[in-house]
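Everything quoted here is computed from the prediction, not taken from an experiment.
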Amino acid sequence: MSTITVTTALIIVLFSLLLAAESQTFSTSLPPSSLRLGRQKLTRLHFFFHDVVGGPNATAIRVASSPITNTSATGFGNVVIMDNLLTVGPESNSTRVGRAQGMYASADLNNMSFMMVNNYVFDEEKFNGSTLSILGRNPIMSPVRELTVVGGSGVFRFARGYAEARTVFLNETNGDAIVEYDVYVLHY
Ligand SMILES: *[C@@H]1O[C@H](CO)[C@@H](O)[C@H](O)[C@H]1NC(C)=O
Ligand SMILES: *[C@@H]1O[C@H](CO)[C@@H](O)[C@H](O)[C@H]1NC(C)=O
Ligand SMILES: *[C@@H]1O[C@H](CO)[C@@H](O)[C@H](O)[C@H]1NC(C)=O
Ligand SMILES: *[C@@H]1O[C@H](CO)[C@@H](O)[C@H](O)[C@H]1NC(C)=O
Ligand SMILES: *[C@@H]1O[C@H](CO)[C@@H](O)[C@H](O)[C@H]1NC(C)=O
Ligand SMILES: *[C@@H]1O[C@H](CO)[C@@H](O)[C@H](O)[C@H]1NC(C)=O
């Protein structure tokens with residue numbers, strides 16, 4: 001065997017040992033630069049959220065309730081799972097930009113307010129498949145509600161920020177609503 005072959009073999013063995021050791025390491029301190037994150041960006045997203053609760057094509061459906069939901073003034077304990085359409089304009093046939101998938105639950109005994117726990121998944125080219133996780137208190141009767149961007153995936157890794165939600169249409173007969181969202185998100 002030539003010296004080069006032996007050296008190559010040794011390097012391979014050393015590397016496998018290193019990899020084996022690495023796979024058994026639970027925690028490692030890394031410089032933030034190791035992820036090549038680049039500069040932090042601020043992105044504003046503007047879209048409309050279609051909460052369709054009535055009719056055959058509902059995208060937000062009640063899955064659970066509490067013993068007092070029907071008698072409580074705020075529907076306390078009502079839990080709804082949604083897969084709501086997000087569009088660029090207020091009409092439901094306007095260009096689709098993604099879906100809001102998650103749940104909301106009536107969580108205030110006195111004032112109508114929902115706890116929102118949602119992943120917003122986008123399909124517009126640059127953001128295709130990227131998600132924002134948005135959590136917050138949503139007092140739906142207030143003209144403007146602020147929700148928290150707690151994180152994200154894809155282009156939104158390390159995201160933080162906030163969303164402002166404004167109801168622009170409410171069908172009082174069946175509860176369908178269209179909500180305008182302004183999201184300000186810091187990410188890399
Ligand atoms: C429900 O969706 C179907 C299929 O997209 C459509 O034909 C129908 O008009 C919709 N119904 C309502 C009430 O929107
Ligand atoms: C509350 O109302 C809903 C729909 O009106 C009904 O399906 C449900 O059974 C009621 N729940 C209780 C605990 O009465
Ligand atoms: C969307 O629907 C409205 C009526 O509901 C119609 O006037 C408009 O032409 C539709 N737009 C598109 C892009 O289909
Ligand atoms: C709840 O409603 C009451 C009466 O409408 C109001 O005075 C109070 O400020 C509200 N509380 C919150 C936290 O919104
Ligand atoms: C988004 O990604 C999906 C699957 O990864 C792909 O099928 C689709 O064409 C993409 N859409 C856009 C607008 O890039
Ligand atoms: C509100 O909902 C009712 C019941 O589903 C429906 O008949 C009516 O057309 C809706 N109104 C609007 C403005 O969408």
Side-chain angles (χ1 to χ4, degrees), residues 35-65 75 78-108 112-188:
L35 281 181
R36 296 177 209 281
L37 291 171
R39 285 172 67 88
Q40 196 172 51
K41 299 187 259 294
L42 174 64
T43 299
R44 173 184 181 235
L45 301 171
H46 179 250
F47 54 82
F48 293 83
F49 163 105
H50 300 264
D51 195 36
V52 181
V53 297
N57 297 340
T59 57
I61 295 169
R62 179 199 269 209
V63 296
S65 58
N78 185 27
V79 179
V80 174
I81 302 286
M82 70 166 104
D83 181 4
N84 282 349
L85 177 67
L86 306 176
T87 56
V88 74
E91 308 83 16
S92 61
N93 61 0
S94 125
T95 306
R96 168 191 156 137
V97 295
R99 312 284 301 187
Q101 301 172 335
M103 59 179 259
Y104 56 86
S106 175
D108 189 318
M112 195 62 188
S113 181
F114 291 142
M115 173 198 65
M116 312 289 289
V117 188
N118 289 297
N119 295 313
Y120 290 69
V121 57
F122 300 99
D123 46 30
E124 196 267 336
E125 211 178 340
K126 184 171 151 198
F127 303 105
N128 194 5
S130 294
T131 65
L132 280 179
S133 295
I134 297 183
L135 187 71
R137 178 171 188 271
N138 186 5
I140 55 171
M141 299 306 181
S142 304
V144 187
R145 290 89 68 185
E146 184 177 327
L147 305 168
T148 312
V149 174
V150 295
S153 70
V155 301
F156 293 124
R157 277 184 189 172
F158 292 102
R160 61 205 167 87
Y162 69 97
E164 284 179 354
R166 293 174 176 82
T167 302
V168 295
F169 168 79
L170 173 66
N171 183 331
E172 288 185 12
T173 314
N174 65 7
D176 285 1
I178 299 173
V179 182
E180 180 177 15
Y181 270 77
D182 267 300
V183 187
Y184 295 87
V185 54
L186 285 170
H187 61 103
Y188 288 95

Going through the checks in order, is the side-chain contact (heavy atoms from CB on, under 4.5 Å) test met by D176 and V52? CA-CA 5 Å; D176 285 1; V52 181; 3.9 Å; yes
Within a radius of less than 6.0 Å around CZ of R44, do more than 12 heavy atoms belonging to other residues, nucleotides or ligands occur? yes
CZ of R157: more than 12 outside heavy atoms within 6.0 angstrom? no
Once you measure the plane-to-plane angle for F114 and Y104, does it fall in the parallel (<30°), tilted (30-60°) or perpendicular (>60°) bin? tilted
Does the side chain of H187 pick up a donor-acceptor pair with the side chain of T43 at under 3.5 Å? yes
Does CD in Q40 sit with more than 12 non-hydrogen atoms of other residues, nucleotides or ligands closer than 6.0 Å? yes
Within the distance-only criterion (no hydrogens, no angle test), does the side chain of R99 pair as donor or acceptor with the backbone N or O of V121 below 3.5 angstrom? no
Other residues, nucleotides, ligands: >12 heavy atoms within 6.0 Å of R160 CZ: no
Between S153 and T131, is there a donor-acceptor pair closer than 3.5 Å when you use the side chain of the first and the backbone of the second? yes
According to side chain to side chain contact (heavy atoms under 4.5 Å, CB included), who are the partners of S94, at least two apart in sequence or on a separate chain? T87, V88, E91
Going by ring-ring contact (aromatic ring centres under 6.0 Å, His included), Y181 matches just one of F49, F122, Y162. Which one? F49
Judged by atom type as modelled, is there a donor-acceptor pair below 3.5 Å linking the side chain of N119 to the main-chain atoms of A100? no
